Amino acid sequence: MSHLLSVSDLHVGFGKDPVANEVVHGIGFTLDPGETLAIVGESGSGKSVTALSVNRLVDFGGGKITGGRIDFTLGSGAVIDLAAAPEKELAAIRGREIGMIFQEPMTSLNPVHAIGEQIAESFRLHHGLTGKQAMRAAIDALERVRIPDAARRLKYHPHQLSGGMLQRVMIATALSCNPRLLIADEPTTALDVTVQAQILALLSELKRESEMGLVFITHDIGLVAGIADKVMVMQNGKAVEQGRPMRCSMIRSIPIRSIF
Amino acid sequence: MGRPRFKNLVSAVAVAAALGAAFPATAATLNMAWSQDATGLDPHKQTAFSSLRLLELVYEPLVRTDSDLNIAPAVATSWEFSEDGQTLTFKLDADAKFSNGNKVMTSDVKASFERILNEETGASARANFLSIESIDTPDDETVVFNLSQPDVPLLTAMSSINAAILPAGLIEAGMIGTETLGSGPFVLDSWEPNSREVLSVNENWAGGAVGVDGINISVLPDETAILAALRTDQVDFALINDPLVATLVPSNPNLSLNREPVLNYHVLQLNAEEGAMTEEKVRQAISCAIDRQDVLDAALLGEGKVTGPLTMPAYASDPSDLLCYAPDLEKAKALMAEAGYEDGFSASVIAATGEPPTAAAEAQVIQSQLAEIGIDLEIEMMELNVYIDRWLKGDFDMAVALNGGRTDPYTMYNRYWTKDGNLAHVAHYGDDMLDSLMQQGRVETDPEKRKEIFAEFSKHITDVSPWIWLYTGYSYTAANDKVSGFEANPTGSLFGLSAVTVGE
Amino acid sequence: MTLLRSIFAHPSGRIGGTIVALYLIIAIMGLVGLTPHDPLMQFRIDRLHAPSATYWMGTDLLGRDVASRLMIGIAQSFIVSFASVALATVLGIVLGLTAAWFGSYWDGTIMRAMDVLLAFPAILLALLIITIVGPGTWTSVMAIAFVYTPIFTRVVRGPALSLKTREFVDAARTFGSSRTYILSRHMLLNLVAPLTVQVTLALAWALLTEAGLSFLGLGTQPPQASLGLMLSEARNLMEMAPWLLVFPAFAIMIGILGFNLLGDALRDILDPRSRGAVA
Amino acid sequence: MNYLTRRLVTFPVVMLGVSVLVFVSIRLVPGDAITAMLGTEAGLLTPAQRASLETYFGMDQSWFGQYWHWLGGVLQGNLGISVTYGRPVLDVILRVFPLTLELALLSMIVALAVGLPAGVYAATHAERPSDLIVRIVAMVGQSTPSFVVALLAIYALSVWFGVLPAMGTFTPLWEDPLKNLAQMILPALTLGFAFAAAVTRISRSAMLDILSDDYIRTARAKGVPARSVIWHHALPNALIPVVTVSGVEFGYLLGGAVIVEQVFALPGLGRTVLDAILQRDYALVQGACCSSRLIS
């Protein structure tokens with residue numbers, strides 16, 4: 001049974017000569033449905049770039065995949081190498097098959113549109129729902145992420161909601177089409193501790209409900225134990241450690257410098 | 001400043017707009033353009049060329065000057081001086097009517113001239129009529145002017161639109177200037193200043209049938225735009241001031257250009273009361289140093305004719321025998337040396353931007369010509385009204401000017417060269433000979449003698465040369481092939497439009 | 001001179017920089033007199049000649065060499081633009097800083113005065129100054145400066161207000177530095193970036209206004225030459241002598257293009273916020 | 001809310017300042033309504049004639065008296081009588097005002113219609129040759145004096161195409177929209193062209209900033225197609241800086257309008273003010289200047 005996602009020998013570079021200034025040097029990992037992989041590393045270790053390479057968002061940031069494969073099993077069972085796929089195909093996969101949430105909820109939602117509108121947009125895009133049905137679905141999505149009184153909140157604009165609330169909206173949007181894989185790029189870093197715990201609990205609950213694969217990127221080793229089935233530690237663009245969480249070697253591999 | 005009643009003027013505008021009386025309405029409407037718009041509607045007060053051109057179509061003076069500059073009938077059919085020249089009698093045209101149908105009465109003539117003479121009105125041409133002591137109207141067809149002394153030029157002064165005959169009723173109501181009611185060939189339907197005038201035919205005009213149904217005049221300040229409008233048949237007829245634009249008209253097959261020599265003269269006025277130019281020899285040196293034909297060729301592309309002080313054909317003499325009309329640099333340098341200015345002096349010249357359009361070019365050519373005899377000239381270009389303000393105060397060393405010409409030498413120059421002339425301080429010069437010649441010219445009734453007097457005047461003034469007379473330009477009218485029958489007039493008057501027809 | 005190197009590294013900076021440098025050289029040559037012919041000399045027999053070997057850009061109505069006049073024209077337009085923008089910058093800095101630093105009362109009056117100036121249509125304000133004082137180079141400089149000062153005042157006051165509250169200014173105060181020292185040393189240095197950008201854009205705008213004023217007959221006075229005056233003189237000769245219009249028009253266009261490109265480059269180089277953004 | 005109240009309080013003060021500045025400066029200009037009307041013939045006036053004309057033009061009172069009289073009039077909505085038009089200043093302004101307003105609005109529309117797409121195109125193709133071409137064309141637009149563009153437009157149209165917008169007169173929109181637009185298109189394009197260049201550059205830099213913002217990345221992560229990422233997500237946010245700058249530029253449009261109205265012979269507010277100054281029509285200059293302040 002092929003994995004949901006298997007990344008092998010991934011190389012990613014930036015700027016005019018991506019090969020010369022390469023940031024990710026030969027990363028490889030696999031993920032099965034319902035499984036959570038935590039990617040840990042200090043900032044600048046290439047973990048976010050790896051995450052962004054999976055759904056090729058790195059191309060928009062001036063980056064380029066220079067080597068390796070990213071095999072992803074679609075809902076239809078077909079396997080596709082995302083690294084080589086043309087942008088047209090990728091656009092169809094993003095949102096429908098692969099969802100993503102980011103670190104800064106405050107700036108990750110369009111300030112000019114109401115949140116209801118932004119959620120409904122995914123439904124319209126991938127399920128062809130019309131205005132009224134899409135709004136109905138948006139309300140369900142918000143309730144699914146435990147946002148009270150969802151109907152009234154539809155008309156709110158991002159600046160009218162708290163960070164935690166916004167992150168829930170992000171999750172609702174990302175999961176609106178029941179993607180098979182969710183990439184979470186440090187979703188809780190910008191939130192204070194109490195809200196952090198709620199979001200983590202929410203993520204693990206949702207993961208259990210839908211057999212969804214989760215790639216969880218963080219620099220906070222403490223979080224990994226609670227949520228991750230597998231861990232990969234990255235440093236300077238390379239994977240220095242992979243395996244079950246809580247293996248003592250794991251801790252040694254975090255360079256001392258990062259603690260201070 | 002009471003609120004002038006302009007209701008019917010506004011309603012006329014609304015009617016014209018609603019009718020869409022804009023061009024090309026009926027084929028017989030003449031679409032015309034000029035660059036400077038009239039600045040007012042009161043014929044007694046207005047002096048700007050553009051205002052006179054408009055008012056000459058609406059109002060009529062007692063007599064008119066035809067294209068050969070002879071006096072022709074207008075409101076009056078006949079006129080004669082008495083033996084002793086102390087009275088001037090006019091016989092009015094029986095069927096002369098105002099555009100509202102009322103007959104032109106002798107009382108209207110009397111009221112009009114009383115308005116001109118009354119200082120309250122501020123009529124600009126008042127100085128020309130000071131010899132009128134009283135006006136009698138023995139019957140309803142004759143008007144007799146009793147004069148304090150013989151005044152031959154009075155007749156020509158009466159031919160100017162500044163002596164237009166207004167309805168007495170309108171004068172009492174004080175409505176001159178906001179309403180127009182004249183006895184001329186056209187009626188002013190509407191006037192949007194700086195934008196457009198609409199004229200229609202005055203059926204009651206005593207001068208016979210008018211060739212067109214009406215005239216739409218557009219004001220296009222930029223003359224290149226006028227040329228473009230002519231080429232695209234947006235207008236059929238146009239007045240052009242700038243010779244540089246006028247010479248481009250013939251390049252289009254269907255456009256024809258009409259050049260008409262005018263009386264207005266281009267002149268370099270000197271200030272003979274201050275500095276080096278108090279020396280007569282220095283002024284003569286300047287006259288000899290300036291190559292008039294070269295200035296004409298450079299600044300106006302040769303569009304004009306070198307002239308002496310008198311520009312009207314009747315009195316104009318061949319300028320070549322006047323002092324230094326053939327440029328003579330050696331003589332100029334010699335004169336400068338004799339006057340003790342062999343290494344020259346510096347002075348400034350004022351000129352108005354764009355009025356005439358060639359002023360800047362003329363000033364620069366004169367500057368380079370005078371540099372050859374050591375005169376370091378600094379040019380001061382200024383906005384027209386600032387220039388006029390300084391010109392009226394005589395506050396200049398030199399001035400590039402385009403002054404108005406008249407059909408009679410006396411009315412043309414009495415303001416500058418007579419002892420009590422209003423603008424003597426602007427002329428910056430005066431001597432007894434000029435004054436006496438002027439007075440003799442005024443009273444002399446025999447045309448031959450008058451010619452001799454003014455020829456001598458013209459000889460003497462160029463010798464003394466307080467001013468350097470340069471050349472006269474042309475007034476240009478351009479028309480496309482649809483327009484026929486226009487006869488230009490040296491006074492620049494557009495009265496000829498009354499005889500024009502607009503074909504298909 | 002790292003600034004120069006980074007300017008020439010920047011794509012539009014390279015083009016803009018070379019154009020402005022070229023213009024400066026031409027202007028200096030014009031002023032010094034290194035022109036093919038004497039710009040004021042009227043060869044009236046060669047009037048309105050098309051561009052030829054002797055007259056590279058042809059001759060004008062009075063037979064003067066257009067190429068030489070163009071060189072002193074560029075010099076004149078540069079002088080008017082630089083002087084007016086410099087004056088406007090100085091006025092802007094003084095007014096902007098006083099408004100920002102002293103606040104409330106000063107701020108109110110100065111900004112209201114600026115509103116009044118800004119309320120005027122630009123050409124009209126220049127026209128009034130020029131008609132009162134009389135046309136000429138220095139009056140055009142004053143007129144353009146007068147119109148541009150409010151903009152500079154705002155450009156200075158904005159950042160100055162925010163800088164005033166920043167820590168390093170308080171820190172400087174704790175060191176006991178005097179007010180003028182703080183104003184000049186700290187504030188100004190931080191304003192250099194927005195100011196330089198505004199200056200280059202203002203130069204482009206000043207060139208345009210000078211041309212507009214000359215078109216209305218209120219700019220530089222004959223026989224002197226400025227790009228705007230040459231354009232307005234060529235207006236009626238457009239058909240007979242197109243070269244009279246084409247060369248000055250291109251000169252102005254490329255000149256302003258140079259300033260704008262330089263301004264863009266400087267904004268990207270100096271403005272920290274957008275340092276990362278793609279140029 | 002305090003921005004609005006501050007604006008309301010300062011507005012009359014600024015207007016007062018403008019009116020005083022205009023009042024004094026127009027009177028400092030040498031030459032007056034009499035020389036403007038009579039030209040050199042004004043020298044022939046006898047003192048009595050001059051005095052009567054001065055009362056007619058209201059120039060005999062002291063400056064302070066004239067200003068006080070004018071201010072009093074304004075409060076009752078009477079801006080005085082224009083000497084050149086022989087009509088109340090208010091009527092004259094109301095007749096010429098729509099033209100300039102329409103010209104300014106049309107040029108703004110032209111500028112946004114041309115500038116925005118060009119800016120967006122340049123931003124989305126950043127650093128590729130097409131981006132440089134768009135920027136150069138925008139720069140050229142911004143660096144050509146409007147009267148040169150106007151003159152060339154008139155020459156080209158009249159000589160090569162034999163067609164020309166109606167000049168001299170103005171047919172208001174409500175009277176004959178077809179003719180009005182035919183007349184206003186070319187002037188609006190000329191005035192709008194330079195302004196479009198400015199809009200292009202502003203929208204380009206705004207778009208560049210926005211395209212690197214987080215919510216655009218989110219939109220892409222949602223699988224939103226590229227085209228609607230630009231038009232639905234990025235552009236609305238880019239409009240904010242474009243609109244604010246256009247507001248400021250609107251004031252400059254009036255300056256530009258003077259020259260375009262002169263060359264295309266359109267009797268608008270810009271040209272009326274210019275002629276009023278040349279004619280020394282004090283009341284009209286005063287009224288027109290203050291009203292041009294209203295629209296900017």
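These numbers come from a predicted model, not from an experiment. Labels below follow one simple rule: chain letters A, B, ... track the order of the sequence lines, proteins then strands, and each chain is numbered from 1. These values consider heavy atoms only, across backbone and side chains, with no hydrogens, waters or symmetry-generated copies.
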Worksheet item: Counting only heavy atoms not in C:Tyr23, do more than 12 fall under 6.0 Å of its OH?
Response: yes
Response to the item:
Interatomic distance, CG@C:Leu61 vs CG@B:Leu300, rounded to 0.5 Å, equals 9.0 Å
Discussion item. Give the interface residues of residues 26-43 of chain C toward chain B, defined by a heavy-atom separation under 4.5 Å.
Written reply: C:Gln42
Fill in: Choice from C:Met238, C:Glu233, C:Arg64 maximising heavy atom contacts with chain B below 4.5 Å
C:Arg64
Worksheet entry | Contacts of residues 247-257 of chain B with chain C (heavy atom under 4.5 Å) | B:Thr247, B:Leu248
Worksheet item: With respect to C:Pro223, which candidate in B:Leu377, B:Ile379, B:Val365 satisfies the side-chain contact (heavy atoms from CB on, under 4.5 Å) definition?
Response: B:Ile379
Response to the item:
Applying a strict 4.5 Å limit to non-hydrogen atoms, the region of B:Glu378 in contact with chain C is neither
Worksheet item: Heavy-atom distance under 4.5 Å to chain B: side chain of C:Gln224, backbone, both or neither?
Response: neither
Discussion item. Using only non-hydrogen atoms and a strict under-4.5 angstrom cutoff, which residues of residues 82-94 of chain C touch chain B?
Written reply: none
Practice prompt. Give me the contact list for residues 286-298 of chain B versus chain C, heavy atoms only, anything under 4.5 Å, ordered by residue number.
Written response: B:Asp294, B:Asp297, B:Ala298
Practice prompt. Taking atom CZ of C:Phe250 as the centre, report whether more than 12 heavy atoms of other residues, nucleotides or ligands fall under 6.0 Å from it.
Written response: no
Worksheet item: Contact part of B:Ala371 toward chain C, heavy-atom cut-off under 4.5 Å: side chain, backbone, both or neither?
Response: neither
Worksheet item: Is chain B contacted by the side chain of C:Leu237, its backbone, both, or neither, given a heavy-atom distance below 4.5 Å?
Response: side chain
Response to the item:
Separation between OG1 (B:Thr224) and CD (C:Glu239), nearest 0.5 Å, reads 9.0 Å
Worksheet item: With only heavy atoms counted, which part of B:Glu223 is less than 4.5 Å from chain C, the side chain, the backbone, both or neither?
Response: neither
